[in-house]
There are 2 protein chains.
Amino acid sequence: MAHSVQNVRPAMQAATVISIRDLQTRCSRCGIREMCLPVGLDADALRKLDGVVTARTRVRKGQAVYRAGDAFTALYAIRLGTCKTMVLASDGREQISGYHLVGDLLGLDGIAHERHECHAVALEDTEVCVMPFDHLEELARAVAPLQHNLHRFLSREIGREQHLMLMLGSMRAEARLAAFLLNLADRYRMRGYASTEFVLRMTREEIGSYLGLKLETVSRLFSRFHAEGLLQVHARTVSKLDLPALRTLAGIC
Amino acid sequence: MAHSVQNVRPAMQAATVISIRDLQTRCSRCGIREMCLPVGLDADALRKLDGVVTARTRVRKGQAVYRAGDAFTALYAIRLGTCKTMVLASDGREQISGYHLVGDLLGLDGIAHERHECHAVALEDTEVCVMPFDHLEELARAVAPLQHNLHRFLSREIGREQHLMLMLGSMRAEARLAAFLLNLADRYRMRGYASTEFVLRMTREEIGSYLGLKLETVSRLFSRFHAEGLLQVHARTVSKLDLPALRTLAGIC
DNA sequence: CGGAGGTTTGAAAAGAGTCAAAGGTCGTGG
DNA sequence: CCACGACCTTTGACTCTTTTCAAACCTCCG
């Protein structure tokens with residue numbers, strides 16, 4: 001299996017020289033900061049947060065950002081790319097618990113036991129910003145808006161999972177897939193991408209795992225949705241999503 | 001429907017007089033503080049936290065601590081009793097997302113949007129401590145161990161929900177019920193109660209809702225577990241749980 | 001261009017849901 | 001203290017969704 005990303009700062013670094021790495025890890029210069037942890041922070045706070053991001057790491061498709069059982073040291077913000085998180089049962093079963101896009105924070109479940117509870121794996125070549133958590137906590141004590149952002153991200157993750165639980169616990173297969181597609185459409189839209197056309201970065205099996213379904217069921221549903229004119233699907237590309245019809249199917253009134 | 005609990009501090013209160021309310025809301029004197037937010041805090045920090053708890057409120061069986069849509073102002077710690085949390089779908093479906101015991105924190109999902117996303121309802125007469133969140137954040141900035149505890153509770157909730165998702169997404173009905181009973185047994189044991197005998201505070205329908213099953217399925221499973229000697233069940237009292245056998249059934253190796 | 005990995009589709013089986021009816025349990029009020 | 005009623009639970013018979021097993025087909029990367 002792929003090795004986890006290390007969040008080691010280069011050993012020696014002259015304090016007064018602005019290195020390329022420094023330039024590359026600045027939230028204050030980052031184009032996606034308004035959909036990431038720094039959202040809404042003022043210039044002063046941003047400057048301080050720049051000091052927390054120790055690295056911006058490239059994670060290749062299939063490689064792990066971290067693995068379940070790894071010591072928890074940092075949170076990871078997705079700057080570019082897509083990741084999945086997978087929870088593990090003690091008997092080896094594993095299930096995809098999240099499909100994370102640009103601006104999402106990874107590793108929040110690791111704080112409680114100082115150990116990551118799931119794998120986080122890149123679904124395409126990805127770049128993550130590494131934020132050592134003790135340093136982040138320290139800064140959060142000094143900067144109230146940052147503290148509140150952190151709390152909001154933690155809380156949002158709880159809400160996200162509750163939503164998923166509702167889906168897994170009380171929706172039928174077709175409603176789950178419709179809700180999944182709508183959720184993606186929404187998140188792509190919020191990030192400025194087309195909401196009725198995108199490339200799924202997951203296999204049918206991964207989508208099934210996320211939705212609590214078997215890959216054959218997912219495949220059949222895509223075929224049926226296609227036949228019913230709810231979308232076009234060709235391999236992993238979906239397009240021409242009929243969002244209102246999908247909403248009806250998902251039971252979203 | 002029952003009204004939500006108000007967390008209003010009595011309007012006027014002489015600063016130097018220790019009122020009965022003050023005495024009643026002190027974490028520093030609370031018997032369950034080591035399984036609640038103050039876990040591990042030193043005397044000084046405890047004293048400061050005393051000032052955050054504005055009230056200790058009685059919530060009668062069936063009454064709501066808060067309801068979905070209520071403005072989020074505070075977290076609630078269960079001092080006595082049991083609560084369920086229920087998430088709501090836009091089409092009116094509702095699902096139980098949590099079964100909360102003494103020492104658990106309620107309201108964590110409300111931080112993100114400053115609005116509670118679920119109902120929290122007492123399953124028996126219950127007492128909750130009200131902790132206004134802005135005040136708690138303020139204190140967390142001053143007291144690092146409290147800050148870390150808050151982060152751990154938030155993170156633990158994320159982990160708890162991931163566990164539940166795994167259950168809803170990839171376990172069969174019998175394994176879900178076994179895992180549910182084992183989880184309860186564990187949590188009662190941690191709180192110093194018997195782990196092989198307890199009273200369920202939920203109806204079959206509520207258990208089913210929590211596990212993504214219909215009430216008839218839950219009832220049949222209880223009957224079958226009883227017939228197979230895995231437990232004794234009489235109405236809501238379960239006893240003589242065969243924990244190892246339940247573990248096998250739940251797929252916990 | 002070959003092959004591994006991913007996808008589609010069919011047929012049969014299993015699991016859980018639905019509908020229905022009867023039997024318990026518990027709290028309230030007489 | 002008992003009886004009533006509301007609500008909860010159990011059980012059976014049947015239905016329907018989803019899974020399982022199997023085979024063939026695509027697609028994309030090296």
Side-chain angles (χ1 to χ4, degrees), chain A residues 1 60-63 84 93 95-96 121 123-125 167-180 199-228 231-239 249-251, chain B residues 60-63 84 93 95-96 121-125 167-181 199-228 230-239 249-251:
Chain A
M1 267 290 180
R60 294 198 169 276
K61 180 174 175 174
Q63 196 188 359
K84 63 176 176 182
R93 258 177 310 121
Q95 181 175 336
I96 292 176
V121 176
L123 287 167
E124 59 186 322
D125 288 0
M167 192 156 92
L168 292 172
S170 68
M171 284 165 105
R172 300 189 5 189
E174 57 171 23
R176 291 186 208 182
L177 186 61
F180 170 72
V199 176
L200 299 163
R201 298 291 172 188
M202 297 164 105
T203 65
R204 299 288 185 261
E205 184 168 23
E206 286 169 330
I207 295 169
S209 170
Y210 186 62
L211 299 177
L213 303 171
K214 295 293 160 187
L215 70 95
E216 294 94 332
T217 306
V218 175
S219 177
R220 277 184 241 274
L221 285 169
F222 270 122
S223 301
R224 212 177 89 204
F225 284 5
H226 193 148
E228 289 169 357
L231 46 72
Q232 300 270 102
V233 57
H234 183 68
R236 304 223 188 144
T237 306
V238 291
S239 56
L249 210 59
Chain B
R60 295 200 168 275
K61 179 174 175 174
Q63 196 188 0
K84 64 177 176 181
R93 260 176 309 122
Q95 181 175 337
I96 292 176
V121 176
L123 288 167
E124 59 186 320
D125 287 1
M167 191 154 94
L168 293 171
S170 68
M171 285 166 105
R172 300 187 5 190
E174 57 172 24
R176 290 186 208 183
L177 185 61
F180 170 71
L181 292 169
V199 176
L200 298 164
R201 299 289 172 189
M202 297 164 104
T203 65
R204 299 287 185 266
E205 184 167 22
E206 286 169 329
I207 296 169
S209 171
Y210 186 60
L211 300 176
L213 302 171
K214 293 294 159 186
L215 69 96
E216 294 94 332
T217 306
V218 175
S219 177
R220 277 185 242 274
L221 285 169
F222 270 121
S223 301
R224 211 175 90 205
F225 285 7
H226 193 149
E228 289 169 354
L230 296 172
L231 47 71
Q232 302 270 103
V233 58
H234 183 68
R236 306 225 186 142
T237 307
V238 292
S239 56
L249 211 60

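These values consider heavy atoms only, across backbone and side chains, with no hydrogens, waters or symmetry-generated copies. On a predicted model such as this, the values are computed, not experimentally measured, just so you know. Letters go in sequence order (proteins before strands), and every chain restarts at 1.
- Within 4.0 Å of B:H226, counting heavy atoms only, lies no atom of the nucleic acid at all.
- The nearest whole Å value for the distance from the CG atom in A:L213 to the C1' atom in D:dT20 is 14 Å.
- Rounded to an integer number of Å, the gap from B:E206 CD to D:dC7 P is 14 Å.
- Taking only side-chain nitrogens and oxygens, B:H234 never comes nearer than 4.0 Å to OP1 or OP2 of C:dG24.
- Taking five base pairs at each end of the helix from C:dC1-D:dG30 to C:dG30-D:dC1, the local helix axes there meet at an angle of 50°, rounded to 10°.
- Pairing each heavy atom of B:R93 with each of A:S170, the nearest pair is NH1-OG, 2.7 Å.
- Contact detail for A:I207 and A:V218: the closest heavy-atom pair is CG2-CG1, 4.0 Å.
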Task: Pair A:H226-A:L231, side chain to side chain contact (heavy atoms under 4.5 Å, CB included): steps then yes or no - done: CA-CA 5 Å; A:H226 193 148; A:L231 46 72; 4.3 Å; yes
TODO: Walk me through it: do A:R236 and A:T203 pass the test side chain to side chain contact (heavy atoms under 4.5 Å, CB included)?
DONE: CA-CA 8 Å; A:R236 304 223 188 144; A:T203 65; 3.2 Å; yes
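- Contacts between residues 167-179 of chain A and DNA chain C, defined by a heavy-atom separation below 4.0 Å, involve no residue at all.
- For A:D125 and A:R60, the salt-bridge test passes: some basic side-chain N is under 4.0 Å from an acidic carboxylate O.
- Looking at every heavy atom in both residues, A:A179 comes nearest to A:M167 through CB-SD, 3.6 Å.
- One interatomic measurement links the two molecules: NZ of B:K214 to P of C:dA20, which rounds to 16 Å at whole-angstrom precision.
- For the pair B:K61 NZ and D:dC7 P, the computed distance is 13 Å after rounding to whole Å.
- A salt bridge links A:R172 with A:E174: the closest approach of a Lys/Arg side-chain nitrogen to an acidic carboxylate oxygen falls below 4.0 angstrom.
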- [ ] Do nucleotides 4-10 of chain C as a string where each nucleotide becomes B, S or -: B if the base has a protein heavy atom under 4.0 Å, S if just the sugar-phosphate does, - if no protein is that close.
- [x] --SSBBB
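- In terms of heavy atoms, A:M171 sits closest to A:R176 at O-NE, 2.9 Å.
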- [ ] Applying side chain to side chain contact (heavy atoms under 4.5 Å, CB included), run through B:F222 and B:L200 and close with a yes or a no.
- [x] CA-CA 12 Å; B:F222 270 121; B:L200 298 164; 3.7 Å; yes
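- In this entry the distance linking CG of B:L221 with P of D:dT11 reads 12 Å, nearest Å.
- Residue contacts shown for B:G212 are limited to sugar-phosphate atoms, with no base heavy atom under 4.0 Å away.
- Residues B:T217 and B:A173 come closest through the heavy atom pair CG2-CB, 4.1 Å.
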